[in-house]
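These notes concern the structure reproduced below.
Throughout, a chain's letter reflects where its sequence line sits, starting with A, and its residues are numbered from 1.
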Amino acid sequence: MPELPEVETIRRGLARILPGKKIRWVKILAAKQFPQPAAAVNGRTIVAVKRKGKQLAIVFDNKQVLLIHLKLTGQLVYVPRLQSGQRAVFGHPIPFAGGDSLPGRSTRIIISLADASGHDAGTLFFNDVRMFGWLRLLSEKDWRQAMAELGADALSRQFNAAYLYKVLQSSRRAVKVVIMDQQKISGIGNIYANEALFRARIDPRRPANSLSRKESEKLCQAIKAVLQESLKMQGTSAADDAYIQPDGRPGRFQQKLAVYQRAGQKCLSCSGTVKRIELGGRGTFFCPQCQK
DNA sequence: ATTGGGACCTGCTCGC
DNA sequence: TGCGAGCAGGTCCCAA
C-alpha cells in the first residue's frame, strides 16, 4: 500500500514528466472517485507535483490543485504517446491493472496530456482495484487547509524527536496506532509502523505515553531511517501490494522487510519468531523477544 | 474525549 | 470443480 516512500517515489516520477504539460481531456470511469466534472481541469497546465504524507498534489497554472489519495490500491501510471488505437504494453505485468496493458480492468480515470503546442504528450492512468482512492480539485486555499490538518510529514524537519515525544505523550493508545494517525504524523502506514517499531525495539502495544524521551528519540530515528532506506529502493511492493512506479516498475524494499508479513518466520536479530497480532483492527507484526 | 468497530470495495485464497 | 465466506487495509463515520 502506498505510504510515504511509495508516494514520494511516485511524486518524483511524475515531477519529471508532468510540469509544463497540459490536460487535453479527462475520462472519469468511476465518478465516486472524482466527483467533479472532468471539464473543470481541461486546458490547465501543470506547474508542479507536491506531496504531504500520503497525499499527492498536482498544481495547475491557475493555482488550483488536483489532490490525490491512492489509499490501498491506487496507481498512477504514465504512458508516453502512442499510435492511435494502440494500447500501452509493458514488459512486465502491472499488478491489478488487469494485465500488462492499459487501460486495464482497474483503470478508473484516464488523463490525456498535451505538450505546450497542444500535441499528444502521453496519458496518465489512475488504476485502483478497491476503489478507495480519490481525486479532488481544490482551490489553493482549501488545499493548504487540507494539508494543515495533517500532522508533520515524517520526513520533514518539523518531525523530530521532540515533536514525536509530544505526540506520544498526548495519548495512551497503542504506540503503533498513534504513529499511524495522520493528523499527528503524516506518511506512516502499516508497513513502516511495524518496521520502525522493530528497529527501535519497542513493543507496538505499549501505551504511547509510556515511552521515555530516549525511546521517542530512538523511534524517531528508526522512522526516518526506514523511510529513507525504502525511498532509496523506490518503496515496497509487498505481496498482495498494488504499488508500482509511474513507469510500471515495482519497488524493491520488500527484500529488506524485517517483520512485516513475516509471521511465523525467524526474527532477523534474535532466536525468536515474528508474531502477528491485531492492533486497532490492523495486522501487526513484531518480535516479542526483541521488542519491549 | 477517547477509542473501538463497521463501512467502503474488489480480488484472491481457502474450505467444504 | 464450484461456490461462498473470509480476509486485506487507509480513512471516515458513528456509537459507546
Side-chain angles (χ1 to χ4, degrees), chain A residues 1-8 10 28-35 51-56 67-76 93-100 103-109 125-136 138 145-151 153-154 166-197 204-210 227 230 235-244 254 257 259-264 276-286:
Chain A
M1 60 239 61
E3 302 178 29
L4 191 153
E6 292 76 31
V7 180
E8 176 61 15
I10 293 168
I28 301 172
L29 305 171
K32 193 199 82 139
Q33 298 186 265
F34 186 15
R51 178 194 63 79
K52 182 171 181 185
K54 305 174 190 173
Q55 301 189 37
L56 279 170
L67 189 63
I68 303 174
H69 199 313
L70 301 170
K71 292 286 186 86
L72 299 172
T73 56
Q75 302 174 330
L76 286 169
I94 296 176
F96 303 119
D100 58 1
R105 218 174 31 234
S106 69
T107 298
R108 311 299 178 196
I109 293 160
F125 293 89
F126 172 73
N127 305 320
D128 188 2
V129 169
R130 292 181 196 163
M131 302 179 85
F132 287 155
W134 48 254
L135 287 74
R136 281 178 208 153
L138 299 176
Q145 192 184 329
M147 294 304 98
E149 285 167 14
L150 295 173
D153 184 89
K166 199 174 158 197
V167 162
L168 296 178
Q169 283 296 300
S170 74
S171 171
R172 48 193 187 79
R173 297 152 82 192
V175 57
K176 175 173 176 257
V177 175
V178 174
I179 62 173
M180 288 174 67
D181 183 338
Q182 303 302 302
Q183 293 178 357
K184 296 191 160 141
I185 307 160
S186 59
I188 303 169
N190 204 27
I191 295 174
Y192 300 107
N194 282 299
E195 293 296 314
L197 285 161
R205 298 166 293 189
R206 278 184 52 194
N209 62 5
S210 76
L227 295 177
S230 177
T236 304
S237 295
D240 211 29
D241 194 339
Y243 162 69
I244 51 172
Q254 56 277 16
L257 298 175
V259 288
Y260 184 71
Q261 286 184 339
R262 291 195 65 247
R276 183 192 190 280
I277 59 168
E278 205 149 287
L279 263 187
R282 230 132 281 131
T284 299
F285 302 84
F286 70 114

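In this structure, CG of A:Asp181 is placed 10 Å from P of C:dC12, rounded to the nearest angstrom. Going from atom NE2 of A:His69 over to atom C1' of B:dC8 covers 14 Å, rounded to whole Å. One can place CD1 of A:Ile179 at 13 Å from P of C:dT11, the figure rounded to the nearest angstrom. Atom P of nucleotide C:dG10 and atom CH2 of A:Trp134 are separated by 15 Å, given to the nearest angstrom. Between A:Glu278 atom CD and C:dC7 atom C1' the separation is 10 Å, expressed in whole Å. One can place CG of A:Asp128 at 16 Å from P of B:dC8, the figure rounded to the nearest angstrom. The distance between atom CD of A:Gln75 and atom P of B:dG11, rounded to the nearest whole Å, is 13 Å. Rounded to whole Å, atom P of C:dT11 lies 15 Å from atom CZ of A:Arg130.
Residue whose closest nucleotide on DNA chain C sits further toward the 5' end, between A:Gln182 and A:Arg276: A:Arg276. Residue whose closest nucleotide on DNA chain B sits further toward the 5' end, between A:Arg282 and A:Arg172: A:Arg172.
Legend: residues meeting ring-ring contact (aromatic ring centres under 6.0 Å, His included) with A:Phe285, ordered by chain and number and at least two apart, are A:Tyr260.
In this structure, A:Arg205 and A:Ile277 have side chains that are in contact, with non-hydrogen atoms separated by less than 4.5 Å. With contacts defined as side-chain heavy-atom distances shorter than 4.5 Å, the pair A:Met147/A:Gln55 qualifies.
Looking at A:Gln254 and A:Tyr243, their side chains never bring a donor and an acceptor atom within 3.5 Å of each other.
Residue-level contact check: A:Gly283 touches the backbone only, with heavy atoms under 4.0 Å from sugar-phosphate atoms and none from bases. Among the atoms of the strands shown, only primed sugar atoms or phosphate atoms (P, OP1, OP2) are found under 4.0 Å from some heavy atom of A:Tyr260. Nucleic acid contact class of A:Arg173 (heavy atoms, under 4.0 Å, all strands): sugar-phosphate only.
Listed for the A:Ser106 side chain is no donor-acceptor partner under 3.5 Å among the backbone atoms of A:Gly104.
Ranking C:dG10, B:dT10, B:dG11 by closeness to the A:Met131 side chain, first place goes to B:dT10. The side chain of A:Lys71 sits closest to C:dG10 out of C:dG9, B:dT10, C:dG10.
Stacking is not found between A:Phe132 and the pyrimidine-like six-membered ring of the C:dG9 base under the 5.5 Å centre-distance and 30° plane-angle cut-offs.
For A:Ser171, a side-chain nitrogen or oxygen approaches OP1 or OP2 of B:dT3 to under 4.0 Å. Of the side-chain N and O atoms in A:Lys32, one or more sit less than 4.0 angstrom from OP1 or OP2 of B:dC9.
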